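Note that the structure is predicted; figures quoted are calculated from it, not measured.
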Amino acid sequence: MIQSKYRRAPRSVKRYKLLVRDNDGSLREIKPTDTFWYLLYIKDPPCNNRMAKLFRLRFRLPYNEFMTLVSELKGHDLLELLIFYYIDVV
């Protein structure tokens with residue numbers, strides 16, 4: 001195996017903040033409540049059989065089971081640890 005004399009520098013990745021515009025036109029950092037996922041599934045849960053079926057087909061889990069899983073995960077110690085180290089889990 002041939003080894004190179006030059007060592008390649010590690011690549012860095014910049015993480016840019018996601019921004020949205022307020023009603024007055026000023027920029028602000030996006031919140032989890034601004035996402036399409038939150039608006040579609042958390043704020044307005046599936047209310048009829050068609051939407052519930054669509055949720056199940058997309059995520060392979062009934063909506064009621066999803067909400068049960070969310071409530072169990074909110075009380076788990078690992079989630080608190082991830083939040084402490086500011087890993088994006090929202």
Side-chain angles (χ1 to χ4, degrees):
M1 189 160 109
I2 301 172
Q3 292 182 354
S4 175
K5 287 194 253 181
Y6 305 105
R7 184 171 177 207
R8 179 176 263 172
R11 295 173 57 184
S12 66
V13 177
K14 294 184 170 76
R15 183 174 174 168
Y16 297 103
K17 294 180 181 179
L18 297 176
L19 302 173
V20 295
R21 292 202 181 268
D22 274 336
N23 293 335
D24 63 353
S26 62
L27 287 174
R28 66 170 173 82
E29 192 171 349
I30 193 169
K31 298 177 190 172
T33 56
D34 296 329
T35 62
F36 186 65
W37 167 265
Y38 179 84
L39 297 174
L40 190 59
Y41 298 116
I42 305 301
K43 187 176 180 187
D44 297 323
C47 57
N48 56 23
N49 288 337
R50 181 178 174 270
M51 294 300 290
K53 184 177 179 181
L54 191 61
F55 184 89
R56 184 176 171 89
L57 287 173
R58 285 180 178 165
F59 304 107
R60 309 279 190 230
L61 186 71
Y63 186 76
N64 295 335
E65 297 283 330
F66 166 72
M67 291 309 292
T68 305
L69 183 63
V70 167
S71 64
E72 288 177 11
L73 289 174
K74 281 185 179 178
H76 199 275
D77 296 337
L78 184 60
L79 183 67
E80 293 174 9
L81 182 66
L82 292 174
I83 290 172
F84 177 74
Y85 286 109
Y86 194 69
I87 297 173
D88 189 12
V89 293
V90 177

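Clustering ILVMFWY residues whenever any of their side-chain heavy atoms sit less than 4.5 angstrom apart, transitively, puts F36 in the very cluster that holds V70. Each of L18 and Y38 belongs to its own hydrophobic cluster when Ile, Leu, Val, Met, Phe, Trp and Tyr are linked at side-chain heavy-atom distances under 4.5 angstrom. Side-chain heavy atoms closer than 4.5 Å link hydrophobic residues (I, L, V, M, F, W, Y) into clusters, and following such links, even through other members, never connects L54 to Y63.
How far CG of L61 is from CG of N64: 9.5 Å, rounded to the nearest 0.5 Å. The CD atom of E29 lies 7.0 Å from the CG atom of L19; values are rounded to the nearest 0.5 Å. The CG atom of L40 sits 10.0 Å away from atom OG1 of T35, with the distance rounded to the nearest 0.5 Å.
Between M51 and D44, the closest side-chain pair of non-hydrogen atoms is not below 4.5 Å. Using a 4.5 Å cut-off on side-chain heavy atoms (C-beta onward), R21 and L27 make contact.
Around atom CG of N48, more than 12 heavy atoms belonging to other residues, nucleotides or ligands sit under 6.0 Å away. Within a 6.0 Å radius of CG in D24, more than 12 heavy atoms belonging to other residues, nucleotides or ligands are found.
In this structure, the ring of F66 has its center no less than 6.0 angstrom from the ring center of Y41.
Minimum heavy-atom separation, D34 to V20: OD2-CG2, 4.1 Å. When all heavy atoms are compared, the tightest approach of A52 to P46 is N-CB, 3.8 Å.
Ring geometry for W37 versus F55: interplanar angle of 30 to 60°, hence tilted.
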